[in-house]
Visitor: 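Pasting a structure here, questions to come.
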Amino acid sequence: MSAATQILSPADLLAHWQGHRALTRRIIEAFPDDQFNTFSIGGMRTFGELALELLMMDEPMIAGVVTGEWKTFEWPGPRPTRIEMLAAWDEATASMNALWPRISDERFQETVVAFGQYEGKVINSFLYVIDNQVHHRGQGYVYLRALGVEPAPFYVRE
């Protein structure tokens, strides 16, 4: 395979990422309101905390790649409720979709220092954020099952 071979187009990558986000959103939706920011197992963070971390990474990563400004997202106040998280999630999704076309094909191979910490190619930064989401969503699946809630099928990403 030559270096010029493209496995996924940028549009395919965004669709893949947004598919993961859609599934994570369904996990957020499935959480009982009173457990979103309180339930944990074995000292792990609550799913509310995990979802907030994901919200702090996805759209800010794309925005940083597009603008070169690595602004850290912080929630303005106490931890968001499940309903507030869903609204913020939807806003971030729309922003990601709007920002994405501004990333040139060449930019994916450029090296960035995301948030002053993570140095690597843009494509690897995006893959890291997607991997992190899959990992934390898996924790959400365990929490939901422990709470007696059947989570959404992991293979449905629409």
Visitor: Please list all pairs passing the side chain to side chain donor-acceptor pair (under 3.5 Å) test where one or both residues lie in residues 31-42, with sequence neighbours left out.
Guide: Asp33-Arg82
Visitor: Return a table of donor-acceptor pairs under 3.5 angstrom between the side chains of residues 118-125 and protein atoms on other chains or two or more places apart.
Guide:
residue	atom	partner	partner atom	Å
Lys121	NZ	Gln109	OE1	3.2
Ser125	OG	Lys121	O	3.3

Visitor: What about Tyr143 and Phe39, are their ring centers closer than 6.0 Å?
Guide: yes
Visitor: Using salt bridge (charged side-chain N to carboxylate O under 4.0 Å, His left out), reason through Arg79 and Glu84 one step at a time and then give a plain yes or no.
Guide: CA-CA 9 Å; Arg79 283 190 220 146; Glu84 291 170 330; over 6 Å; no
Visitor: Please determine whether the number of non-hydrogen atoms from other residues, nucleotides or ligands lying under 6.0 Å from atom CD of Gln117 exceeds 12.
Guide: yes
Visitor: Could I get the full list of ring-ring contact (aromatic ring centres under 6.0 Å, His included) partners for Trp89, not counting sequence neighbours?
Guide: none
Visitor: Using the ring of each side chain (for Trp, its six-membered ring), is Phe126 parallel, tilted or perpendicular to Trp17, with breaks at 30° and 60°?
Guide: tilted
Visitor: Checking Asp90 against Thr93: is there a side-chain donor and acceptor pair closer than 3.5 Å?
Guide: no
Visitor: If you measure from CG on Leu14 to CG on Leu99, what distance do you get to the nearest 0.5 Å?
Guide: 10.5 Å
Visitor: Hydrophobic cluster membership, with links at side-chain heavy-atom distances under 4.5 Å among I/L/V/M/F/W/Y: are Leu127 and Phe115 in one?
Guide: yes
Visitor: Apply side-chain contact (heavy atoms from CB on, under 4.5 Å) to the pair Thr46 and Phe36, showing each step before the final yes or no.
Guide: CA-CA 7 Å; Thr46 68; Phe36 185 65; over 6 Å; no
Visitor: Do Tyr128 and Val113 sit in the same hydrophobic cluster, where Ile, Leu, Val, Met, Phe, Trp and Tyr count as joined when their side-chain heavy atoms come under 4.5 Å apart?
Guide: no
Visitor: Measuring from His16:NE2 to Ile130:CD1, what's the distance to the nearest 0.5 Å?
Guide: 5.5 Å
Visitor: Name all residues meeting the ring-ring contact (aromatic ring centres under 6.0 Å, His included) criterion together with Phe73; count only those two or more places apart in sequence or in a different chain, and write none if there are none.
Guide: none
Visitor: Restricting to side-chain contact (heavy atoms from CB on, under 4.5 Å), what partner residues turn up for Leu23, sequence neighbours left out?
Guide: Arg26, Arg137, Tyr141, Ala152, Phe154, Arg157
Visitor: Tell me the closest heavy-atom pair linking Trp100 and Ala11, and the distance in Å.
Guide: NE1-N, 4.1 Å
Visitor: Apply side-chain contact (heavy atoms from CB on, under 4.5 Å) to Arg145 and Glu150, showing your working.
Guide: CA-CA 6 Å; Arg145 289 186 190 280; Glu150 183 66 26; 3.5 Å; yes
Visitor: Can you give the donor-acceptor pairs under 3.5 Å from side chains of residues 51-66 to other protein atoms, not counting sequence neighbours?
Guide:
residue	atom	partner	partner atom	Å
Glu53	OE1	Arg45	NH1	2.7
Glu53	OE1	Arg45	NH2	2.9
Glu53	OE2	Asn132	ND2	2.8
Glu53	OE2	His136	NE2	2.9
Asp58	OD2	Arg21	NH1	2.5
Asp58	OD2	Gln133	NE2	2.9
Glu59	OE2	Ser95	OG	2.8

Visitor: Look up atom CG in Leu144 and atom CZ in Phe31, then write down how far apart they are to the nearest 0.5 Å.
Guide: 4.5 Å
